[in-house]
Each structure stands twice: as structure tokens, then as C-alpha cells.
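These notes concern the structure reproduced below.
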Amino acid sequence: MNFKVASDIFEKIPKLYIGVVVAKGVDNHREYPEIEEKLSQAVAAAQQRFADTAVKKAPEIVPYRDAFRALGFNPNRFPCSVEAMFSRISKGKDLLKTIRHAA
């Protein structure tokens, strides 16, 4: 695997930190009930967290929107994946069903 980030990204977003996770030996065709339970709990906590909040105005989302603007993207038209995910969750959409369908 080769992961590269253009240097001008850091000029536009000087406080940017990037991490990469590589998982080997994972069977994504198998069900893992204990992981699904933890994910269900996390989804419920996210639903509660964003129940009365516009996701795009949440303090943990604003830096992503600012970064998109710095890169020349309109975050209203192209929300980051985190914002899109929490927006779906806040509207009661079934994240587990979405994940299973994508796999």
C-alpha cells in the first residue's frame, strides 16, 4: 500500500493530522455479534448526541467543514464523511443496514 498526501494540503491546512489504519486477516463476510452490539450502542449514543443539534454546527464537525472550505470545497454541497454519517444517524437511518448492504 502506498499512501501519499500532496504537500500543498499542509499549506492550506497547517494543523492537519492524518492517520491510516491497516487491518489484515479480517473476514468482512462473517458476522460478529459482539462488534454489532458495540456499534449499535455507538449509534444510539450518536442519535442522542445529535437529537437537538444541527450536525453541521456541532463543535466536533466544524473543523471538518473549515478544512473543506480551505481546500476549496463547499461543505454544504460536499459534506465530509463524518458529517454525512452523523446526519444520517440523527435522522434515524439504520447505519448497520447501510454497512451490511455496502459490504
Side-chain angles (χ1 to χ4, degrees):
M1 180 172 97
N2 192 3
F3 183 82
K4 293 182 183 182
V5 179
S7 60
D8 64 330
I9 297 293
F10 295 99
E11 292 167 11
K12 294 176 181 177
I13 312 171
K15 293 183 179 183
L16 177 67
Y17 290 92
I18 296 176
V20 176
V21 176
V22 176
K24 296 181 179 183
V26 176
D27 180 359
N28 66 349
H29 291 93
R30 189 176 146 226
E31 291 191 20
Y32 295 90
E34 63 279 6
I35 293 173
E36 287 193 27
E37 177 57 31
K38 288 182 181 194
L39 184 56
S40 292
Q41 292 170 1
V43 168
Q47 284 173 329
Q48 186 175 19
R49 162 64 183 92
F50 293 107
D52 298 320
T53 304
V55 173
K56 69 181 183 179
K57 294 181 181 180
E60 56 268 68
I61 300 298
V62 170
Y64 291 96
R65 295 177 62 81
D66 292 344
F68 270 43
R69 278 190 204 90
L71 295 172
F73 296 103
N74 178 343
N76 293 318
R77 187 163 181 210
F78 302 104
C80 69
S81 60
V82 175
E83 181 181 344
M85 178 184 66
F86 284 128
S87 292
R88 287 184 191 103
I89 290 171
S90 72
K91 294 174 184 168
K93 296 196 176 168
D94 187 346
L95 182 64
L96 292 175
K97 187 176 180 182
T98 303
I99 291 171
R100 283 190 202 104
H101 182 67

Report summary line: Sorted by chain and residue number, the side-chain contact (heavy atoms from CB on, under 4.5 Å) partners of Ile18 (sequence neighbours excluded) come out as Phe3, Val5, Phe10, Leu16

Query raised in the report: What's the spacing between Asp8 CG and Lys12 NZ if we round to 0.5 Å?
Result: 5.0 Å

Could you list the donor-acceptor pairs under 3.5 angstrom formed by side chains in residues 66-75, with sequence neighbours left out?
unit_1	atom_1	unit_2	atom_2	d
Asp66	OD1	Arg69	NH1	3.1
Asn74	OD1	Asn76	N	2.8
Asn74	OD1	Arg77	N	3.4

Report task. For Glu34, check side-chain hydrogen bond (donor to acceptor under 3.5 Å, both in side chains) against everything at least two apart and list the hits. Result -> none

Requested in this report: Verify the cluster assignment for Met85 and Phe78: are they in a single hydrophobic cluster under the rule of side-chain heavy atoms below 4.5 Å apart?
Outcome: no

Throw together a table of side-chain donor-acceptor distances under 3.5 angstrom for residues 47-57, partners on residues two or more places apart or in other chains.
unit_1	atom_1	unit_2	atom_2	d
Arg49	NE	Glu60	OE2	3.2
Arg49	NH2	Glu60	OE1	2.8
Arg49	NH2	Glu60	OE2	3.3

Report summary line: Going by chain and number, the hydrophobic cluster around Tyr32 (ILVMFWY, side chain to side chain under 4.5 Å) further includes Ile35

